[in-house]
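Counting begins at 1 with the first residue of the sequence.
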Amino acid sequence: MSTRLIHGRWVALHPGSTEIMKTLDQEFEDHLANSADKLNFQIYDRDWNANQWSGSIKLRNDQLRIELYCERGLLSLNISPQTGKENFIDAELLNSYLTLQEETEQLTKWARKKIVNRRIGLDEQVNLLTSKRTNLEQIFSKKQLKKTLKELQQLGEERFNNSL
């Protein structure tokens with residue numbers, strides 16, 4: 001077992017936790033660091049749980065919080081409003097939500113299901129953050145937050161029910 005300085009204390013690490021940290025740090029550098037820097041995000045927390053083989057890097061700027069999350073090697077980007085407590089929402093769900101908002105035509109049931117269930121990789125999740133930043137800030141504004149969270153909850157339930 002190795003040790004590492006965490007929040008000013010030396011902590012014994014489970015052998016797998018170093019791999020989680022390496023994976024998370026490498027993916028952060030490869031996919032998110034440059035975009036986060038351009039959008040003025042600053043790291044405020046790094047965490048990992050060796051027992052669950054998971055870890056996260058959390059960042060924030062004046063409008064949003066983001067989290068790069070790794071669980072058993074699967075990576076995802078989660079986004080939260082800056083106001084209030086952390087309430088991270090999966091970037092894939094946010095992508096579906098924003099895509100549905102942009103649709104001007106009435107969608108067939110099949111077309112809607114395709115949008116709701118669409119999976120995107122980490123590069124596309126980071127692209128969502130950079131290309132739709134203004135939209136994200138707007139839906140997470142104090143004025144829109146309650147409505148947005150309610151609609152995201154409904155969309156998440158729709159996605160879950162589609163998978164049954």
Side-chain angles (χ1 to χ4, degrees), residues 20 23-24 26-49 52-164:
I20 294 166
T23 298
L24 194 56
Q26 187 62 50
E27 294 297 332
F28 174 75
E29 289 300 322
D30 290 349
H31 299 280
L32 188 57
N34 289 335
S35 296
D37 188 49
K38 288 177 186 173
L39 297 173
N40 297 317
F41 280 95
Q42 300 294 319
I43 295 174
Y44 70 93
D45 189 28
R46 286 178 181 261
D47 191 27
W48 55 89
N49 183 332
Q52 294 181 7
W53 289 78
S54 64
S56 67
I57 299 174
K58 295 179 182 180
L59 304 95
R60 65 178 161 217
N61 67 12
D62 291 339
Q63 294 83 25
L64 299 169
R65 294 180 188 137
I66 57 175
E67 171 189 53
L68 180 61
Y69 184 74
C70 178
E71 182 174 10
R72 299 182 189 272
L74 299 175
L75 292 158
S76 63
L77 182 69
N78 303 313
I79 303 171
S80 172
Q82 179 62 302
T83 57
K85 63 181 182 175
E86 290 179 348
N87 188 7
F88 287 106
I89 298 160
D90 180 56
E92 287 183 333
L93 185 64
L94 287 166
N95 183 62
S96 296
Y97 180 75
L98 292 174
T99 301
L100 288 170
Q101 281 190 333
E102 294 168 356
E103 284 296 325
T104 56
E105 298 177 15
Q106 181 69 22
L107 295 171
T108 65
K109 187 176 180 178
W110 171 248
R112 180 176 174 86
K113 187 174 184 177
K114 189 175 177 182
I115 292 170
V116 170
N117 293 347
R118 184 163 187 259
R119 305 299 302 223
I120 58 175
L122 185 58
D123 285 333
E124 288 179 89
Q125 293 174 37
V126 172
N127 186 51
L128 170 75
L129 176 67
T130 58
S131 66
K132 304 285 186 175
R133 186 193 82 214
T134 304
N135 302 64
L136 291 165
E137 291 170 358
Q138 183 179 28
I139 66 172
F140 285 139
S141 69
K142 286 183 181 182
K143 183 178 179 181
Q144 294 290 318
L145 185 59
K146 190 173 183 177
K147 175 183 176 275
T148 299
L149 293 177
K150 182 180 177 184
E151 291 174 348
L152 284 167
Q153 176 70 30
Q154 292 170 342
L155 189 59
E157 289 172 8
E158 181 180 345
R159 174 181 271 185
F160 176 76
N161 290 333
N162 285 343
S163 68
L164 297 178

J.: Spell out, as yes or no, whether a donor-acceptor pair under 3.5 Å connects the side chain of Asn161 to the backbone of Glu157.
T.: yes
J.: Is a donor on one side and an acceptor on the other found under 3.5 Å between the side chain of Glu71 and the backbone of Ser54?
T.: no
J.: Looking only at heavy atoms, what is the nearest atom pair of Thr148 and Phe140, with distance?
T.: CG2-CE2, 4.3 Å
J.: Look up atom CG in Asn95 and atom CG in Asn127, then write down how far apart they are to the nearest 0.5 Å.
T.: 9.0 Å
J.: Side chains of Gln138 and Thr134: closer than 4.5 Å at any heavy-atom pair?
T.: no
J.: Compare all side-chain heavy atoms of Leu129 with those of Ser35 and state whether any distance is below 4.5 angstrom.
T.: no
J.: Which atom names give the shortest non-hydrogen contact between Leu24 and Gly55, and what distance separates them?
T.: CD2-C, 3.5 Å
J.: For the side chain of Ser163 and the backbone of Phe160, is there at least one donor-acceptor N/O pair under 3.5 Å apart?
T.: yes
J.: With a 4.5 Å heavy-atom cut-off, do Gln101 and Ile139 have their side chains touching?
T.: yes
J.: Are any non-hydrogen side-chain atoms of Arg133 and Lys38 less than 4.5 angstrom apart?
T.: no
J.: What's the spacing between Leu145 CG and Thr83 OG1 if we round to 0.5 Å?
T.: 5.0 Å
J.: Would you give the length of the straight line joining atom CD of Glu92 to atom CG of Leu77, rounded to the nearest 0.5 angstrom?
T.: 10.0 Å
J.: Taking all heavy atoms of Glu158 and all of Val116, pick out the closest pair and write down the distance.
T.: OE2-CG2, 3.6 Å
J.: Please report the shortest heavy-atom distance between Leu152 and Leu93, naming the atom on each side.
T.: O-CD2, 3.7 Å
J.: Can you find a pair of side-chain heavy atoms, one from Glu137 and one from Leu64, that are under 4.5 Å apart?
T.: yes
J.: Check whether any side-chain N or O of Gln125 sits under 3.5 Å from a backbone N or O of Ile120 as a donor-acceptor pair, and report yes or no.
T.: yes
J.: Quick one: does Leu32's side chain get under 4.5 Å of Ile66's, heavy atoms only?
T.: yes
J.: I'd like to know if the side chain of Ser80 reaches the main chain of Glu86, judged simply by a donor and an acceptor atom lying under 3.5 Å from each other, with no hydrogens or angles considered.
T.: no
J.: Side chains of Leu75 and His31: does their closest heavy-atom pair fall under 4.5 Å?
T.: no
J.: Rounded to the nearest 0.5 Å, how far does CD1 of Ile57 lie from OH of Tyr44?
T.: 12.0 Å
J.: Between Asp30 and Leu122, does the side-chain contact (heavy atoms from CB on, under 4.5 Å) criterion hold? Intermediate values first, please.
T.: CA-CA 10 Å; Asp30 290 349; Leu122 185 58; over 6 Å; no
J.: What are the two closest heavy atoms between Ala91 and Ile79, and how far apart are they?
T.: CB-CD1, 4.4 Å
J.: Measuring from atom NZ of Lys114 to atom CG of Asn117, what distance do you get when rounded to the nearest 0.5 angstrom?
T.: 11.5 Å
J.: Evaluate side-chain contact (heavy atoms from CB on, under 4.5 Å) for Glu27 paired with Cys70, printing each intermediate quantity in order.
T.: CA-CA 9 Å; Glu27 294 297 332; Cys70 178; over 6 Å; no
J.: Say you draw a straight line from CG of Leu155 to NZ of Lys150; how long is it, rounded to the nearest 0.5 Å?
T.: 14.0 Å
J.: Any side-chain heavy atom of Gln82 sitting closer than 4.5 Å to one from Asp62?
T.: no
J.: Above 12 or not: heavy atoms from other molecules or residues under 6.0 Å from CD of Gln106?
T.: no
J.: Hey, is the main chain of Leu39 close enough, under 3.5 Å, to the side chain of Asn61 for a donor-acceptor pair?
T.: yes
J.: For Arg65 and Gly84, work out which heavy atoms get closest and say how close.
T.: NH2-O, 2.9 Å
